[in-house]
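Remember, predicted model here, so these are calculated numbers, not experimental data. Order of the sequence lines sets the chain letters (A, B, ...), proteins ahead of strands, with each chain counted from 1.
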Amino acid sequence: MYVGRERPTGGFEVFAWFFMRISGVVLILLVLGHLAIMHVLNTVDEIDFEFVAARWGSPFWRTYDLVMLWLAWLHGLNGLRMVIDDYVHRKGWRAVTLTALALVGFVLLAMGTQIILTFEAPTSRVTAGLP
Amino acid sequence: MRVMVKIKRFNPGRDREPYWAEYEVDVEPVDRVLDALEYVKWHLDGTLAFRRSCAHGICGSDAMLINGRNRLACKVLVKELGARITVEPLRGFPVIKDLVVDMEGFFAKYRAIKPYLIHDEPPPETEWRQSPEERARFDDTTKCILCAACTTSCPSFWANGAYIGPAAIVNAHRFIFDSRDRGAAERLAVLNTGLGVWRCRTIFNCVEACPRGIDVTRAIAEVKRALLFSSL
Amino acid sequence: MYRGREGMWSWILHRVTGLGILLFLAIHIVDIYLLGWPDVFNKLLFLYRHPVFRVAEVFLVAAVLYHALNGIRILLVDFWVEGTRLHRQIFWAQVVLFLLIWIPTSLLMLSPVVFGR
Amino acid sequence: MTTVHRYDAVIVGAGGAGLRAALEVARVTPRIAVVSKLYPIRSHTGTAQGGIGAALGNMEEDHWEWHMFDTVKGSDYLADQDAVEIMCQEAIACVYELEHWGLPFDRTPEGKIAQRRFGGHTRNFGEAPVRRACHAADRTGHMILQTLYQQCIKHEVTFFNEFHVVDLLLEDNVCRGVVALSLADGELHVFHAKAVLFATGGFGRMYKVTSNARSLTGDGVAIALRRGIPLEDMEFFQFHPTGIYKLGILISEAARGEGGILRNRQGERFMERYAPTLLDLAPRDIISRCMYTEIREGRGIDGKDYLHLDLTHLGREVIEKKLPDVTDFVRTYLGIDPIREPIPVQPTAHYAMGGIPTDVRGRVIRDEKNTPVLGFYAAGECACVSVHGANRLGTNSLVDILVFGKLAGRDMAEYLRGADFAPLPKDADGPAREECERLLTSNGSESVARLRETLQREMMDKASVFRTQEGLEAMLTTLKELKDRYRRVRIQDKGKIFNMDLQEALELGYLLDLAEVTVVSALARRESRGAHYREDFPKRDDAEWLKHTLAYRLDGEFELRYKPVVITRFQPLERKY
Ligand SMILES: Cc1cc2nc3c(=O)[nH]c(=O)nc-3n(C[C@H](O)[C@H](O)[C@H](O)COP(=O)(O)OP(=O)(O)OC[C@H]3O[C@@H](n4cnc5c(N)ncnc54)[C@H](O)[C@@H]3O)c2cc1C
Ligand code: HEM
Ligand code: SF4
Ligand code: F3S
Ligand code: FES
């Protein structure tokens, strides 16, 4: 292909589109891994406070969960934004829904991040016998 | 062969709401849906309106929703459909009357992507050279007859009528990938928005609807990639 | 109803599963946040252990699995030249793969509920 | 009430000829409107398949003189050679121009425009077939129409789409505009103009089996006739040899250009007997006649009225790459795969050689002395320059619409500079309104569809490939009856919005008029030439009939006059291929 003039570059939509794909690929590993560990190999019968606490004792799992949280959340939020974009046309409604989306998105992301980063396992309760 | 043709009718000058009308028609199995419509028009109910011209799938006049899918009435044989044929106007355009829809918005989007060769240098004495490979690069999208079957089959377009739609993207592709063209940047700029290529969700209804067998989604994907790679 | 084919149905499912997972994730963030209050957290765990949730969990896995596999299909369509031509075949391959993974996984997950492990 | 628009120039018809002319006029004035009853890209030019002829010599030696010779010979020496000369010279520039506008021609390995063989096109004055038809697969017309429309978008030409022109405003030999019916709302619009160009296409719809679109009803030609313009050479109507059996959908000559063969029920390549040099690439009039002869002599397939077009030896590669659309038609409509099975074909009404007489500048002329009508132009299939004479060669119509579209546009542009708006006639839209009202309110019992069916069937029977005195006379009687019944036709749709019923009734009126001129002209011409074959006068008669017919209709009566053929380079010879 010949290129005559400057190509348009960037823009939010290209970025968003590409992000959906990149995050998707990474999420395949992260989310499926997470599901496998938490819901298949272990089951919710085993999972309790101690389980999680022990897991977050390791920086690896903290990072894992943090990355997963951010990617999945931003991926999902942008997905929802696309859906809103499709179906909500009235100006006012759009503003309301998109603002709500941003607010809820921000608050929950902050909550998730906070707990992953600041969680301190009560040392006494860290028990042996966990992976 | 006797078939029941059910047509969604609406005459804004007279009717408040669209309604269904049913007609019994005798056809040959090798007749087209267009023949059935013409039979209705000519022998049963002269008030029916639809567009048609070439009757062999080249002029793009008679795209409509036939048994739940966008088709050209002149390119579906009744034997493919069985004894009940349902015909509706294309979705997402205002209805002028019966099966005739207002295509002005559709053509406005076509015009928006600058559907003409852009090349500022003076042309040579004879032809611009183009290798068969370069020519093949955009062959698929030169076939478009602007029938709008693709755009009006796209759920993304139904959801938001401001979406530029596959037909316009196909026609942009036809020029963007023509080795003689120098206007790719301008066209890509038009398509690089939330109402441009990025609203395509690769749903593929367009491909199934296209009577010219154009791989519409592929064309759209190529445009997306062109935009992505020039942004990286 | 428009009689779309694989492409349309796969998209509807992708959208529904994506939104479903998002909803779950939102709830999940909240419940994990409760880790700050270990007692509350542990008390609420009964919810997760309820048979209804155990069955729902199987569907959550289904949703994620479908969404992930279909995500791969979308990527192939977007970036592989043959993707658009073969999208239907890829879809059916994906369905097969989905069943191959999901059925055994569900059995594994549900066996404690059904057989009490 | 009636809206009045004012434009320097109004072009009626948005096919190849109309758009090409519009582009030319748009160079000098933005006050130009194209009025078309179809969306431009729906025009019939888009269905042209095989190619556009121009002696580019990209694949082998070629010269415009050879092209000119073939055209003249193909026309059975009835074409005006000054016009043919211009056309064949200009063809080359026109093709390059299209390429520069972006037309995606197929390419040779060196990247030049690819060319193929076509009926009647030869090297060195008839020696052997030559590759002259420039093509884009079998969608050449589609690409031409798209490219021209794209250029019109670029130059911001104003379009009035789905405006059906119903009248021409012509007084004292000066054209003043047109009257059109807007289909969307049923209102009449008057277009006041300094100059008008008709490019309304052909009228194959007067025959039962035809390659022509539903819309090809000769509107412009009939309107001109009604306004006192004579029609030229209307007895010559081309039947294309290979229409899909019964449907009439065209299988391009390109199929034979690529090597396809016609066979009869014995599997014999019968063209060997009739045209030993060019075989299946002989001109259309000849092949169509041979096919009918075969059928009459019982060698049709299964004794029926069709023959086989055999492509099976060409192989999948050639068929699918070079004739993709044709292959698709055959598969869709016949359920036959041309790669494996021969295609049932029969001659199909295809092209009107006759039409509104013009000079080489596209000006409509009103008599045998070539007196132009001021401000009235015509180009394309509706016009008769005459470059096709008694039989058009394949690929030459696309050349015709481009070259004479351009020249007419150029002359119009010139004319606009000196001309002023002639005042509109009093009650400009009166006659049109009256006609529409009459049709809408008529309480007769006749149906448009039935009349049209009868017309098409009878014309096919009596005034198609073979003609006789009795047949034509009988047809004339039938036509009188049909016209009489037409006065009592009843329209069901009385509404204003998209009244297709009214439109079809108007169109039937045009067809009836044109059928009548065709038959009257054919009856008079007591010889056989090109597409006009009289069984009772099977020989060409240059002494008596080397002249153009001009048919006038004055107060309902026909008057035939004649004008000489312009002969410059090539003296008439016997036509052998
Ligand atoms: C199937 C087929 C294949 C062909 N293949 C070839 C080929 O390979 N090579 C070749 O040289 N030729 C070919 N021809 C012939 C050639 O295509 C036509 O003769 C040529 O395209 C005519 O062009 P035009 O511009 O005169 O008219 P058209 O393209 O027919 O356009 C007529 C225009 O007039 C408008 N119009 C008509 N009546 C009215 C009215 N009352 N009011 C307003 N507008 C009106 C229509 O809307 C339309 O826009 C083929 C023809 C057919 C039918
Ligand atoms: C497991 C790996 C995942 C992959 C491969 C993946 C892939 C994708 C892709 C490619 C899209 C874009 C679709 C498009 O542009 O048309 C998408 C959309 C979406 N995804 Fe995911 N995703 C994954 C996980 C998730 C998760 C965990 C969530 C929830 C938090 C999620 C929610 C969504 C939503 C809501 C959409 C928008 C759906 C739509 O617009 O139709 N996805 N996904
Ligand atoms: S891409 Fe296909 S369906 Fe869409 S307008 Fe063009 S021809 Fe019609
Ligand atoms: S149906 Fe619509 S979403 Fe894209 S693939 Fe086709 S344009
Ligand atoms: S009538 Fe021309 S495409 Fe159907």
Side-chain angles (χ1 to χ4, degrees), chain A residues 17-18 20-32 34-36 38-53 56 65 68-69 72-73 75-80 82-84 86-87 101 104-105 107-116 118-122 125, chain C residues 14-50 53-54 57-58 60-65 67-72 74-75 78-79 101 104-113 116-117:
Chain A
W17 184 82
F18 195 49
M20 289 305 269
R21 272 116 193 107
I22 295 291
S23 58
V25 177
V26 180
L27 281 171
I28 296 177
L29 302 173
L30 296 182
V31 174
L32 290 186
H34 175 81
L35 281 178
M38 303 303 265
H39 300 260
V40 184
L41 298 181
N42 293 292
T43 68
V44 280
D45 292 323
E46 285 108 51
I47 295 172
D48 57 9
F49 182 83
E50 280 74 19
F51 184 94
V52 181
W56 280 358
D65 286 357
M68 182 168 68
L69 169 72
W73 189 243
H75 177 105
L77 279 188
N78 186 50
L80 185 53
M82 285 159 54
V83 175
I84 291 174
D86 275 354
Y87 301 117
L101 182 73
V104 174
V107 169
L108 283 178
L109 187 62
M111 282 163 64
T113 311
Q114 192 211 343
I115 195 75
I116 296 178
T118 62
F119 179 77
E120 283 210 37
R125 297 177 72 162
Chain C
H14 193 79
R15 186 157 266 201
V16 170
T17 53
L19 293 176
I21 305 167
L22 182 65
L23 182 67
F24 171 79
L25 179 57
I27 298 168
H28 199 38
I29 292 177
V30 173
D31 70 56
I32 291 294
Y33 192 69
L34 292 179
L35 279 172
W37 295 268
D39 302 333
V40 186
F41 182 81
N42 270 342
K43 253 187 216 142
L44 284 177
L45 274 179
F46 83 93
L47 282 176
Y48 276 98
R49 294 178 182 159
H50 193 273
F53 179 81
R54 302 299 286 262
E57 201 187 7
V58 169
L60 172 70
V61 170
V64 174
L65 188 59
H67 192 91
L69 288 172
N70 196 56
I72 298 176
I74 295 176
L75 279 157
D78 287 335
F79 291 106
I101 300 175
T105 309
S106 322
L107 292 178
L108 211 63
M109 288 171 67
L110 287 179
S111 63
V113 187
R117 165 104 48 137

### Which atom of His39(A) lies closest to which atom of Met109(C), heavy atoms considered
O-CG, 3.4 Å
### Shortest non-hydrogen contact from Ile47(A) toward Leu45(C)
O-CD1, 3.4 Å
### Query
For Ile74(C), is it the side chain, the backbone, both, or neither that has a heavy atom closer than 4.5 Å to a heavy atom of chain A?
side chain
### Task
Select, from Val31(A), Leu109(A), Leu69(A), Asp48(A), the one with the greatest count of heavy-atom pairs under 4.5 Å involving chain C.
Asp48(A)
### Summary
On a heavy-atom basis, the closest approach of Ile28(A) and Ile72(C) is CD1-CG1, 3.5 Å
### Task
Could you tell me which portion of Trp17(A) (side chain, backbone, both or neither) has an atom closer than 4.5 angstrom to a non-hydrogen atom of chain C?
side chain
### Message
Tell me which of these, Ile29(C), Ile21(C), Leu65(C), has more heavy-atom pairs under 4.5 Å with chain A than the rest.
### Response
Ile29(C)
### Message
Can you give me the closest heavy-atom contact between Leu22(C) and Leu77(A), atom names plus distance?
### Response
CD1-N, 4.0 Å
## Note on the structure
d(Thr113(A) OG1, Tyr33(C) OH) to nearest 0.5 Å is 10.5 Å
### Nearest atoms (heavy-atom pairs only) where His75(A) meets His67(C)
NE2-NE2, 4.0 Å
### Query
At what distance, to the nearest 0.5 angstrom, does CG of Leu32(A) lie from CD1 of Ile101(C)?
8.0 Å
#### Entry: chain C contact via Asp65(A) - side chain, backbone, both or neither, heavy atoms under 4.5 Å
neither
### Query
Measuring from His28(C):NE2 to Met38(A):CE, what's the distance to the nearest 0.5 Å?
6.5 Å
### Query
Which one, Leu25(C), Leu35(C), Leu75(C), leads in non-hydrogen pairs under 4.5 Å with chain A?
Leu35(C)
### Message
Return the CD1 to CD1 distance between Ile32(C) and Ile115(A), rounded to the nearest 0.5 Å.
### Response
8.5 Å
### Message
Is Val83(A) close to chain C through its backbone or its side chain, or both, or neither, when contacts mean heavy atoms under 4.5 Å?
### Response
both
### Task
Give me the ring orientation class for Phe41(C) and Phe49(A): parallel if the planes are under 30° apart, tilted from 30 to 60°, perpendicular past 60°.
perpendicular
